Amino acid sequence: MCRMMNRWLGGLLVVALVLSLLPALVAPAPAVAAPTTSVTINKYNAYGTLISTATRDWEWMMNNLPVYGDGATHYYMHGPTFDDSSYDLLWDPIEMVNIDSRDYGAAMGTDVKDLCDLVGGATAGCTVKIKAADNFAKWFDYDDIYNPEPEQGKMIVTWYTKDTAEGISGYVSSGSSGTYPTGYTTGMRLLFFAETVNPEGKYVFGDWDMHETIPASRWHYYFDGSYWPSSSGLSVQIVSEINIYEPNLISCDASGSTKDSFAPGETVYVKGACLTASTSYRLWIQGEPVLLKPLNALDRPEGTYTLTAANDPSGAQESITTDASGDFGPVAIWSIDSSATSGKYDIVADNQGAGTVGTYDSNDKIDNPGWQGFSVSEPPLTITASAGASGSIAPSGSVSVPYGGSQAFTIIPNTGYHVADVLVDGSSVGAVTSYTFTNVTADHTISASFAINTYTITASAGDHGSMAPSGSVPVNYGASQTFAITPSDGYRVEDVLVDGSSVGAVTSYTFTNVAANHTISASFAEGTAPDWDLNGDGVINIGDVVVVGLHWGETGTPGWIPQDLNNDGVVNIGDVVVIGLHWGETW
């Protein structure tokens with residue numbers, strides 16, 4: 001009986017327990033956040049004051065800003081590999097592991113840059129927080145948004161997708177007309193429209209792309225006790241806000257004007273805005289990226305970052321105290337000498353009254369939490385440019401070029417000359433009229449030589465006569481060349497053509513100031529011209545009178561020149577009469 005009672009009581013307890021759990025078992029699952037249909041863009045100054053704001057819905061974006069994505073190309077990101085047996089297996093540079101689960105479909109949307117520009121845009125040094133409706137957020141930097149590399153691609157807030165790995169398709173809402181098919185339950189979603197593909201031809205913004213294109217402080221890791229890189233963690237869904245923040249710590253010149261690139265011989269200054277008020281800070285320069293957690297051999301976060309003099313090229317750390325607003329500066333922190341190593345550097349303001357002094361922690365400020373804040377360039381390089389006679393090169397002489405910069409040269413021959421050759425560092429690059437050095441990392445030379453233009457006069461003679469010189473006769477620009485036309489015995493010059501046009505039955509012709517190719521040809525006819533055809537054109541006309549006029553009044557032995565047609569020893573009206581007696585005759 002006791003055994004039966006115990007069994008009954010035990011059963012009753014089980015029933016009671018099941019009944020107590022029943023509401024939880026049958027209760028609906030927690031509601032999934034609804035997709036967002038608009039985004040608010042805010043811009044804050046270094047003091048946290050809102051200086052500009054705008055809210056736009058997806059339909060306005062579609063109709064008023066460039067649309068990215070064609071509704072057919074799928075975009076992928078990268079999940080964790082969960083394999084840390086080697087560096088490559090952890091980071092998967094070929095982008096083949098855990099990709100298909102991060103197929104975010106054939107998405108379309110709006111560039112984050114275009115949205116930022118609605119409130120005045122971001123500038124170098126600004127950070128951008130992309131926030132979800134559930135307050136999840138990711139931080140990015142100016143270059144990630146404004147100057148993305150192809151492996152990263154543009155950062156797009158997507159409001160449409162089709163055929164994701166989860167089977168999602170549609171827009172985030174039906175729009176003002178109520179006609180757009182809905183279904184994008186995770187939109188609006190931030191995606192990276194990579195422009196490069198993996199071996200399967202998929203457009204993937206992979207873990208290694210994240211490693212190579214965005215700063216380490218922005219990398220996303222899935223954490224389960226170990227850190228697993230995963231680019232898909234940067235894909236904020238149900239995006240509701242984009243917030244732009246101006247920096248608190250800024251590299252500058254002595255006047256306080258923002259400056260993020262310096263050369264040997266210049267001095268780096270820094271100024272601060274809205275740090276902790278009336279607080280002492282020590283200013284460090286570090287020649288490597290400063291992270292809250294440094295990276296180990298597998299590029300996983302580990303430990304804390306210690307500020308060290310060995311990494312500070314300035315050789316000393318300035319101490320400052322902020323004013324009642326948390327401001328300071330400009331303060332000189334590094335006079336760069338010629339031995340300085342080029343590259344990027346971080347400036348850290350180490351709070352001397354909070355946190356752990358000498359380490360970088362959340363109480364400190366950094367000039368750029370993402371990419372290192374300022375750079376030091378190599379000394380400028382020199383390209384020596386020269387030109388030979390009869391031409392010029394521009395610019396010429398010793399031309400200073402920034403390290404890594406570009407410089408174009410124009411080679412200009414004088415009139416009547418051409419470029420013969422251009423030598424770059426002693427090697428020919430051909431007879432080019434322009435040349436550009438790109439990514440200059442060493443001194444160079446460029447020299448140009450010129451040659452006079454040479455033209456060809458093609459001279460030919462028909463049967464029964466000759467032309468001298470004949471054939472292809474070279475003539476330099478601006479020079480002259482005479483040709484003699486000689487008929488054979490018993491023949492006369494019938495006509496001479498220059499560039500296809502008759503110049504008459506002349507026995508010589510001179511080209512002057514030659515600036516183009518020409519032709520000259522002569523033809524001949526049987527018989528000799530009568531004495532009174534003085535110009536040899538085959539007809540007695542005014543041309544022969546002109547020839548007489550050119551010698552009018554000359555005297556000599558009768559018949560001494562052809563123009564003395566009547567052989568009276570003087571060129572006068574009598575010779576004109578002889579011409580008149582044969583006027584109009586031809587042969």
Side-chain angles (χ1 to χ4, degrees), residues 35 39 58 61-62 65-83 88-116 128 130 132 138 140-141 143-172 183-215 218-222 228-239 242:
V39 172
W58 73 270
M61 298 179 203
M62 180 179 69
L65 296 173
V67 173
Y68 292 91
D70 56 12
T73 302
H74 284 233
Y75 292 95
Y76 299 75
M77 295 178 78
H78 207 162
T81 64
F82 296 113
D83 187 345
D88 282 352
L89 291 175
L90 177 66
W91 286 94
D92 187 22
I94 62 173
E95 302 171 341
M96 295 294 289
V97 178
N98 205 1
I99 296 296
D100 290 339
S101 65
R102 269 66 174 181
D103 177 357
Y104 292 117
M108 297 193 300
T110 304
D111 192 345
V112 172
K113 171 186 173 296
D114 293 334
L115 295 172
C116 289
V128 178
I130 299 182
K138 282 294 179 181
F140 301 95
D141 299 285
D143 278 334
D144 307 328
I145 295 167
Y146 280 79
N147 301 303
E149 297 184 42
E151 293 80 5
Q152 173 199 310
K154 294 181 182 295
M155 295 173 58
I156 306 297
V157 174
T158 58
W159 29 257
Y160 169 83
T161 195
K162 182 174 68 175
D163 299 333
T164 72
E166 299 171 310
I168 294 173
S169 293
Y171 292 84
V172 292
Y184 195 3
T185 54
T186 56
M188 290 188 250
R189 184 170 201 143
L190 175 66
L191 294 179
F192 294 73
F193 277 23
E195 299 173 23
T196 56
V197 297
N198 75 351
E200 294 180 337
K202 296 174 180 176
Y203 289 90
V204 182
F205 174 57
D207 294 344
W208 187 248
D209 294 329
M210 174 179 70
H211 183 286
E212 293 297 287
T213 64
I214 68 173
R218 307 307 188 196
W219 298 348
H220 179 84
Y221 296 87
Y222 172 77
W228 304 98
S230 177
S231 68
S232 63
L234 298 175
S235 177
V236 180
Q237 60 185 22
I238 54 172
V239 173
I242 299 174

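What you see is a predicted model; the values in this text were computed from it and never measured.
- Asn98 places a side-chain N or O within 3.5 Å of a backbone atom of Pro80 that can act as its donor or acceptor partner.
- When side chains are defined from C-beta on, Cys116 counts as touching Tyr146, because their heavy atoms get closer than 4.5 Å.
- Contact of the Asp92 side chain with the Ile94 side chain is registered, since non-hydrogen atoms from C-beta on lie closer than 4.5 Å.
- Closest non-hydrogen pair, Tyr203 versus His74, comes out as CB-O, 3.8 Å.
- By the 4.5 Å heavy-atom criterion applied to side chains, Val157 and Ile130 are not counted as neighbours.
- Between Val204 and Asp209, the closest heavy-atom pair is O-OD2, 3.0 Å.
- Looking only at side-chain heavy atoms (C-beta outward), Asp111 and Leu65 stay at 4.5 Å or farther from each other.
- Checked by atom type and distance alone, the side chain of Thr186 never pairs as donor or acceptor with a backbone atom of Gln237 at under 3.5 Å.
- The minimum heavy-atom distance between Thr185 and Ile238, with the atom names listed, is O-CG2, 4.2 Å.
- Residues Thr110 and Met61 come closest through the heavy atom pair OG1-CB, 3.3 Å.
- Heavy atoms from other residues, nucleotides or ligands lying under 6.0 Å from OH of Tyr221 number more than 12.
- In this structure, Tyr104 has its ring center no closer than 6.0 Å to that of Tyr75.
- Between Trp159 and Trp58, the ring planes are tilted. Angles from 30° to 60° get that label.
- Contact detail for Leu234 and His220: the closest heavy-atom pair is CD2-CB, 3.9 Å.
- From Lys162, atom NZ reaches atom CD1 of Ile168 across 15.0 Å, with rounding to the nearest 0.5 Å.
- Side-chain atoms of Trp219 and His211, non-hydrogen and from C-beta on, do get closer than 4.5 Å to each other.
- For the residue pair Tyr184 / Thr158, a side-chain donor-acceptor distance below 3.5 Å is found, with atom types taken as modelled.
- Between the side chain of Asp103 and the backbone N or O of Tyr76, no donor-acceptor pair lies under 3.5 Å.
- For the atom pair OG1 of Thr73 and CZ of Phe193, the computed distance is 9.0 Å after rounding to the nearest 0.5 Å.
- Ring to ring, Tyr171 and Tyr160 are close: their centroids are under 6.0 angstrom apart.
- To the nearest 0.5 Å, atoms CE (Met77) and CG (Leu191) are separated by 7.0 Å.
- Ionic pairing of Lys202 and Asp100 is present here: one or more N-O contacts between side-chain nitrogen and carboxylate oxygen are shorter than 4.0 angstrom.
- Although no hydrogens or angles enter the test, the distance criterion places a donor-acceptor pair under 3.5 Å between the side chain of Asp70 and the main chain of Ala72.
- Arg102 places none of its side-chain heavy atoms less than 4.5 Å from the side chain of His78.
- The heavy-atom pair separating Gln152 from Thr213 by the smallest distance is CB-OG1, 3.6 Å.
- Once rounded to the nearest 0.5 Å, the distance linking CD1 of Ile214 with CD of Glu151 reads 13.0 Å.
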| task | Assess whether salt bridge (Lys or Arg N to Asp or Glu O under 4.0 Å) is satisfied between Arg218 and Asp144, documenting all intermediate values. | result | CA-CA 10 Å; Arg218 307 307 188 196; Asp144 307 328; 5.3 Å; no
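- Side-chain contact between Leu89 and Thr81 is absent, with no heavy-atom pair separated by less than 4.5 Å.
- Residues Ile242 and Val112 meet the side-chain proximity criterion, which asks for heavy atoms closer than 4.5 Å.
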